Amino acid sequence: MSRPLLVKASAFLWASVVFMPVGLNYLGGATVLVALLSAGGLSERTARWREHPLRWPLTAYVLWTLVVFALQPHYSETASNLWHGMRIAVTIAMTVVLSDDETVWALRGFLFGALLALAAMLLTHMAGLPDLLIWHNVAVMKGNKSINDALLFAVLGASAAVWGLSHLSDALGRWRCAGAAFAATVGAAAIVTVVLPSRTSLLALLAAVLAACVHQWRGQLRSLFVALCVVGIAGGGLMSQAPSAQEKFRLGVQEVETAQAGAVSEGSWVVRFYMYRETARMMLDKPWAGWGIGGWTTEWHRRAPKLLYDYNMPHNDFLWMGAQAGVPGLLTLLLILLIGMRHAWRRHDLTGRLAFVSMLILLLATSVNSAMRDAAIGLSLPWIAFLYLRLVQVPGNSWRRVWTLHRIEKT
């Protein structure tokens, strides 16, 4: 296998296993990294890095993390937290330096992996397929890996909605394509409501569809108003047909109310209430450089209610960085996502819109879960979201090239 082909194959491999166990995600990431280091073309990859708007926030994130690591105290969790912090940067950087053709092959891998995941889910529930480890988390809701899979289906559902919206002003024949796309969005919503129930994923999907409307009709206020009303009504209708989802949201509100009253339990929103409150206090106690890389767990053990003692991350990566590396650390991580969203927003077509909604889903997931810090999510969702963003730099109808065999000459 030639070296350039090796990068395409490894990128395809990593993206195709994002629904599978975290060990395969690590294998895919390591394969891409080795392929990039051995494939040559360093000058072209360096040029892509220099031209990409993420180069400065990524550099600031890495440098500030290393400064805090060098100057602040170390803890038992320091090594693992430093590892995960650098893994986040390397994952994003690898998408930046991929060529156009390599990015297309990676996204083909994602679509292929999604088809395999959907087939495994359907066959497990409808045909009695053995519940093997390799697809267990995509068929049964269990832990952060299943949350990752739900979030990826949210990305797919939002992508389908974007595709459908793009056909609404086309000829009547294209409305059939729009109908099929919206049906896929409804299917994704069903997955994250019934098979892999995740409030974060369902809310992210709904928010992404609304954001897609804003992106598409930002200069046409009347059309935007109508679109937002239609999406709002459709979203409300879907929620009314999903009593389990309504119950989960009602339960979440009740959990927050009881936590505010001082109650402690292991309810999802109770845990987040205490985590966010105490982590914010950690950051405010040491706003400039934080408690040091790995310091969150030690401080959490000192501050947390006894019942919640054993958690090792705050389910909000911005607060995680803020507690350990101060407000500058929080801002460097936040800027990576905000600048990425701005980069997608400035491209007005389908490609920009797809990148915008995928980055929004990543932003929301990072705000209410460890979507970057936890490798179960952070080796999959950011990889895919930043691949979407990388395609913004590919000229023309970039996504049409993902599902055709048209070769991209410009790299």
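Computed from a prediction, not measured in an experiment: that's the story for all the values here.
- Taking 4.5 Å as the limit, some side-chain heavy atom of W49 sits within range of a side-chain heavy atom of L58.
- Applying the ring-ring contact (aromatic ring centres under 6.0 Å, His included) test to H136 and every residue at least two apart in sequence or in another chain returns nothing.
- Aromatic ring orientation, F153 versus F19: tilted (interplanar angle from 30° to 60°).
- For F110 and F12, the distance between ring centers is not under 6.0 angstrom.
- By the 4.0 Å N-to-carboxylate-O rule, R48 lies too far from E51 to be salt-bridged with it.
- Atom CZ of R222 is surrounded by 12 or fewer heavy atoms from other residues, nucleotides or ligands within 6.0 Å.
- In this structure, L156 and T185 have side chains that are not in contact, with every pair of non-hydrogen atoms separated by 4.5 Å or more.
- Aromatic ring centres of Y388 and W399: separated by under 6.0 Å.
- Contacts of H74 classified as ring-ring contact (aromatic ring centres under 6.0 Å, His included), with partners at least two apart in sequence or in another chain: F69.
- Note that R218 lies in the cation-pi zone of W345, set by a 6.0 Å cut-off to the ring centre and a 45° limit from the axis.
- Here W300 pairs with W296 under the ring-ring contact (aromatic ring centres under 6.0 Å, His included) rule; sequence neighbours left out.
- Checking D149, D374, N137 one by one against N144, the side-chain hydrogen bond (donor to acceptor under 3.5 Å, both in side chains) holds for a single residue, D374.
- Because its NZ or CZ atom is both nearer than 6.0 Å to the ring centre of W105 and within 45° of the ring axis, R108 counts as a cation-pi partner of that residue.
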